[in-house]
2 protein chains.
Amino acid sequence: MLHCLRKYAQNGVMTSSPSLPVDGFGKTLLDYPRPSVAVDTALLTVHDGGLKVLLVPHPGAGLGWALPGTFVRPGERLADAVLRSLREKAGVSGRDPQQLHVFDEPGRDERGWVLSVAHVDVVPFGELPAGVKLISVTEFAGARVAQVRELPYDHAQIIDYAVAQVRSQYLSAPDPGGLLTPPFTLKELRELHEAVRGESLQRDTFRRAMEPQLVATGEISDGTKGRPAALFMPY
Amino acid sequence: MLHCLRKYAQNGVMTSSPSLPVDGFGKTLLDYPRPSVAVDTALLTVHDGGLKVLLVPHPGAGLGWALPGTFVRPGERLADAVLRSLREKAGVSGRDPQQLHVFDEPGRDERGWVLSVAHVDVVPFGELPAGVKLISVTEFAGARVAQVRELPYDHAQIIDYAVAQVRSQYLSAPDPGGLLTPPFTLKELRELHEAVRGESLQRDTFRRAMEPQLVATGEISDGTKGRPAALFMPY
DNA sequence: TTGCTTTAGCACAGAAATGCGCAAACAAAC
DNA sequence: GTTTGTTTGCGCATTTCTGTGCTAAAGCAA
């Protein structure tokens with residue numbers, strides 16, 4: 001079979017050239033079929049007492065919204081691709097994307113062989129640009145909100161993984177996602193946890209779990225109705 | 001730039017041909033640089049009261065052992081690639097590989113741009129072929145056993161992820177990895193948990209946690225010295 | 001039949017966790 | 001200044017969990 005050497009002059013990516021290591025068959029990695037690798041991200045935030053996910057317009061036919069995503073570029077870390085896609089698709093600055101799962105169903109994308117590395121990131125609502133599209137991930141009577149079910153590809157599953165992971169992280173740590181601006185009150189922290197976990201929490205039980213992991217600033221909240229609350233920061 | 005259409009006649013993989021969808025730039029997915037995607041697997045088993053990981057000979061220079069791995073083939077699920085690599089590299093039948101993490105450091109492999117999707121699988125020691133290489137993952141006084149530290153690439157980290165995930169699964173469920181052949185005694189189950197978790201467990205506390213999740217078969221163990229133990233199966 | 005070993009089960013004490021009611025400490029209203 | 005409403009902090013009782021020691025049960029071996 002006649003082979004053409006194909007070269008790229010972009011991002012210093014290595015090409016099929018005499019300098020690449022060859023294997024026992026005299027071939028380099030570029031001689032084998034390879035998938036396209038994409039990242040898709042469930043960007044979660046807390047607003048109006050609930051957990052919300054960000055959607056962007058989906059250019060594909062028929063469906064209007066999707067999770068932000070992009071193909072990974074040579075030399076780019078997956079997390080950096082996530083951050084780039086959040087900037088480019090939603091004008092949002094992501095923070096610390098965490099991997100969730102690789103979706104690898106061979107026919108998942110009609111354009112060809114595509115793997116998607118699903119991620120989750122969390123951003124405080126106040127850091128989101130005005131006008132971004134957020135939908136609730138809260139379940140009502142066990143039924144998914146229609147808009148989550150209608151998302152393309154495996155995006156509904158990605159949201160499930162994301163919610164599960166963030167909820168797991170908020171089981172015992174005060175604010176692992178940094179959604180509150182320190183200093184904050186215990187009530188603010190508890191309300192955040194109730195929004196994330198989707199359930200109400202007993203005030204005293206919550207306080208005993210969190211206080212050992214917080215630093216009391218010695219100050220109290222002001223301008224609030226009722227007894228002023230002590231202010232805390234994370235360790 | 002002159003392009004040659006490159007065709008493959010292997011495994012029905014799609015090629016850069018007129019039939020592939022093109023994007024807004026008139027290009028298909030194959031026109032963009034793509035990584036090689038590999039899977040690496042920490043295959044864990046329990047033997048001699050401890051958690052062990054399987055190693056295979058590493059063909060690379062300098063180091064002798066590594067976790068089994070392979071490049072993913074077109075149309076192949078990641079889990080199937082894991083199972084294939086365990087068969088081909090170690091003669092082992094894997095069971096239910098679980099994804100751990102994607103290792104994506106651009107320079108992690110001198111052959112080129114390679115992503116590795118790390119997996120964990122567990123197999124009962126009795127199902128492993130004779131002569132496979134197992135090393136302990138147990139830490140002694142907080143120090144990693146030398147052989148784990150010396151593994152190539154990010155394999156030591158993969159083992160860490162794998163151990164953490166399996167230990168997490170065995171925190172509250174009887175035998176999520178199916179390492180015991182039913183029926184089994186509570187002592188056998190407890191010893192499995194002690195091997196996985198790397199700590200001793202209080203007999204009654206353990207029994208209270210497990211019994212509600214087990215079905216008593218009504219039979220007892222035979223051929224044992226002392227009072228025969230009740231036999232259980234998982235729900 | 002007796003002795004030994006192992007397992008099962010439970011009572012109990014102590015530790016840990018939970019939830020509630022009340023006093024304290026504020027702001028707002030009068 | 002007093003009263004009302006709200007929120008916080010904490011003491012207390014209750015509940016749950018854990019680990020220990022003990023004894024009975026149930027086998028095998030002698």
Side-chain angles (χ1 to χ4, degrees), chain A residues 46 48-50 167-176 179-235, chain B residues 46 48-49 167-175 179-235:
Chain A
V46 160
D48 275 343
R167 281 179 172 170
S168 163
Q169 289 166 342
Y170 272 83
L171 272 182
S172 50
D175 190 15
L179 287 168
L180 287 179
T181 304
F184 43 77
T185 70
L186 275 169
K187 183 176 185 183
E188 288 168 342
L189 185 61
R190 192 176 82 251
E191 284 172 346
L192 169 66
H193 276 239
E194 287 175 339
V196 168
R197 301 194 216 175
E199 61 186 1
S200 74
L201 300 171
Q202 208 279 336
R203 185 167 67 83
D204 249 1
T205 306
F206 180 79
R207 187 176 57 80
R208 289 190 195 106
M210 293 295 134
E211 253 191 337
Q213 309 179 63
L214 298 169
V215 181
T217 64
E219 297 169 15
I220 57 171
S221 67
D222 68 315
T224 60
K225 189 180 190 182
R227 178 172 169 167
L231 291 174
F232 294 87
M233 298 185 64
Y235 265 117
Chain B
V46 161
D48 275 342
R167 281 178 172 170
S168 163
Q169 288 167 341
Y170 273 83
L171 272 182
S172 49
D175 190 16
L179 287 166
L180 288 177
T181 304
F184 43 78
T185 70
L186 274 170
K187 183 176 183 180
E188 287 167 344
L189 185 61
R190 192 176 83 251
E191 284 171 348
L192 169 65
H193 276 240
E194 289 177 339
V196 168
R197 301 195 217 174
E199 61 186 2
S200 74
L201 301 171
Q202 205 280 335
R203 182 171 64 85
D204 236 9
T205 307
F206 180 79
R207 187 176 58 79
R208 289 188 193 112
M210 293 295 135
E211 253 192 337
Q213 309 179 64
L214 298 169
V215 182
T217 65
E219 297 169 16
I220 57 172
S221 65
D222 68 315
T224 61
K225 189 180 191 185
R227 175 173 170 168
L231 292 173
F232 294 88
M233 299 185 61
Y235 263 117

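Just so we're on the same page: letters track the sequence lines, and every chain starts at 1. For clarity, every value in this text was computed on a predicted model and none was experimentally measured.
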Worksheet item: Please give, in whole Å, the distance from dA26(D) C1' to D222(B) CG?
Response: 14 Å
Worksheet item: When rounded to the nearest 0.5 angstrom, what distance separates OG in S200(B) from CZ in R190(B)?
Response: 9.0 Å
Worksheet, complete the sentence: Value for CG (L214(B)) from CE (M233(B)), rounded to nearest 0.5 Å, stands at 10.5 Å
Fill in: Short side-chain to backbone donor-acceptor contact, R167(A) and V196(A), under 3.5 Å
yes
Worksheet item: Could you run down nucleotides 4-11 of chain C 5' to 3' and tag each one B, S or - for protein heavy-atom contact under 4.0 Å?
Response: -BBBBBBB
Discussion item. Distance check, rounded to the nearest 0.5 Å: L192(A) atom CG versus K187(A) atom NZ?
Written reply: 14.0 Å
Worksheet item: Under 4.0 Å: is that the gap between some side-chain N or O of T205(B) and OP1 or OP2 of dG19(D)?
Response: yes
Practice prompt. Nearest whole angstrom, please: distance from the P of dT18(D) to the CE of M210(B).
Written response: 11 Å
Worksheet item: Are the side chains of P174(A) and L189(A) in touch, meaning some heavy atoms are under 4.5 Å apart?
Response: yes
